Number of protein chains: 2
Amino acid sequence: MPTRTLRPVRKSPPAALQRVPGLSYAALDEFVGFSLRRAQIASFADFYRGAAGSGLTPPRFTALLLVGGNPGLRQTLLGEALGIARSGAMLLTDWLEARGLVERRASPDDGRAWGLFLTGSGKRVLDAVKRRVGAEDRRRMQRLSLRERRQLKSLLERIAD
Amino acid sequence: MPTRTLRPVRKSPPAALQRVPGLSYAALDEFVGFSLRRAQIASFADFYRGAAGSGLTPPRFTALLLVGGNPGLRQTLLGEALGIARSGAMLLTDWLEARGLVERRASPDDGRAWGLFLTGSGKRVLDAVKRRVGAEDRRRMQRLSLRERRQLKSLLERIAD
DNA sequence: TATTGTTATACTCTATAACTATA
DNA sequence: TATAGTTATAGAGTATAACAATA
């Protein structure tokens, strides 16, 4: 059994591109990627507002959602889904387990692997954060009509790989 | 004058959410934020493809674009535009200066401040990378019709703060 | 031999806080 | 006093590589 070190809570959201008044952004506005990035940063800010106090970050929240939707998920697969190395998936799982949100259970069919499961507390925390983050997500999207929201989502899916 | 330490070139793009076949993503798909994030990650991948070999990262590229479009830009303002602390803006400027892409000139009206300017080499590198990254950006967007591209950009601007 | 999880280590980017020199 | 830039230091998240146990 490994050492379960509790990693501290993140204090503030990551860097954010800002529109500073008086500066020329003409060169940036040629790229759709910049609009995408700025919208995505706004969405991250929503997340941090909704997840405030939970200690969750986007990868941790995503991990909880994935474990919740795929009980018995293995760390390697979790890492793959998150696009991080196995070692990182382990540290992430350590953090979630130390906080009592996720449980490692020995895999019945593979002695090398763990199956990951939400604990009762993990389910409650996930539900609460999901509700609050979801509310923030919908609040921002209410700037658009229902039709525009569907359009945006469909366009985004088409340009994502 | 500070020490101008040359920071190494980034090897690989940052983490990327992946659709792993067989996993349930139902819980994630409730959030527009996830579509946004996945599309944005794809756009980052485009950037790293286009900027390959240049050592540029998204913040460094953005910094070059901003200095190019705002000659004499001060570090503090650059940091603000990028959403990073002054100290970070300095390290970033150090990197760009050590690579000969950007020049610090004493500000004529304020003895404390630098004005940032692209060097000849900086202009050439920026032009080349801009062209290649722009091509990648447009290549992805060609999955959409012209009308859809305009729509996407407009929708993104409306949900960004 | 290959894979799962783990450990050790290092690197990148960021922040905070204290310093200096100018304003 | 306040601001621009700098320095020192630390933290968070990532990667790579080597290891043990199991497949």
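Chain letters run A, B, ... following the sequence lines, proteins first, then strands; residues in each count from 1. These values consider heavy atoms only, across backbone and side chains, with no hydrogens, waters or symmetry-generated copies. None of the values given here were measured: they were computed from a predicted structure.
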Nearest non-hydrogen partners of Ile41(B) and Leu17(B), listed with the distance: CD1-N, 3.5 Å
Tell me: CZ of Arg105(A) to C1' of dG5(C), nearest whole Å? 19 Å
Output yes when at least one side-chain N/O atom of Trp95(A) is less than 4.0 Å from OP1 or OP2 of dA12(D), else no. no
Selection from dC13(C), dT4(C), dT6(D) that lies nearest to any side-chain heavy atom of Ala113(A): dT4(C)
Is the shortest distance from a Lys or Arg side-chain nitrogen in Asp137(B) or Arg37(A) to a carboxylate oxygen in the other one below 4.0 Å? no
Separation of dT14(D) C1' from Asp94(A) CG (nearest whole Å): 15 Å
Atom CG of Leu96(A) to atom C1' of dA12(D): distance rounded to whole Å? 15 Å
Of the listed dT16(D), dG5(C), dT7(D), the closest approach to the Ala85(A) side chain comes from dT16(D)
From CG of Leu78(B) over to P of dG5(D), roughly how many Å is that when rounded to an integer? 10 Å
Measure CG/Leu82(B) against P/dA15(C) and give the value in whole Å, please. 10 Å
Approximate separation, where rounding is to 0.5 Å, of Lys153(B) NZ and Gln151(B) CD: 14.5 Å
Quick one: Met90(A) CE to dG13(D) C1', roughly how many Å, whole number? 13 Å
Under-4.0 Å side-chain N/O to phosphate OP1/OP2 contact, Ser87(B) with dA8(D): no
Upstream residue (5' side of DNA chain C) when Leu77(A) and Pro59(B) are each assigned their closest nucleotide: Leu77(A)
Closest to the Gln75(B) side chain: dT14(D), dG5(D), dG5(C)? dG5(D)
If you assign each of Asp110(B) and Arg112(A) to its closest nucleotide in DNA chain C, which residue comes earlier from the 5' end? Arg112(A)
When you measure from the side chain of Trp114(A), which nucleotide among dT7(D), dG13(D), dG5(C) comes out closest? dG5(C)
So, does Arg86(A) get its side chain near the phosphate of dA15(D), meaning an N or O under 4.0 Å from OP1 or OP2? no
Specify the separation, in whole Å, of atom CZ of Arg74(A) and atom P of dT6(C). 13 Å
Looking only at side-chain N and O atoms, does Arg60(A) come under 4.0 Å of OP1 or OP2 in dA12(D)? no
For Phe34(B) and Phe61(A), take the angle between the two ring planes, folded into 0 to 90°, and tell me which bin it lands in: parallel under 30, tilted 30 to 60, perpendicular over 60. parallel
Choose from dT14(D), dT7(C), dT7(D) the nucleotide whose nearest atom is closest to any side-chain atom of Leu91(A). dT14(D)
With distance as the sole criterion, is a donor-acceptor pair present between the side chains of Glu103(B) and Thr119(B) under 3.5 Å? no
Specify the separation, in whole Å, of atom CG of Leu92(A) and atom C1' of dA15(D). 15 Å
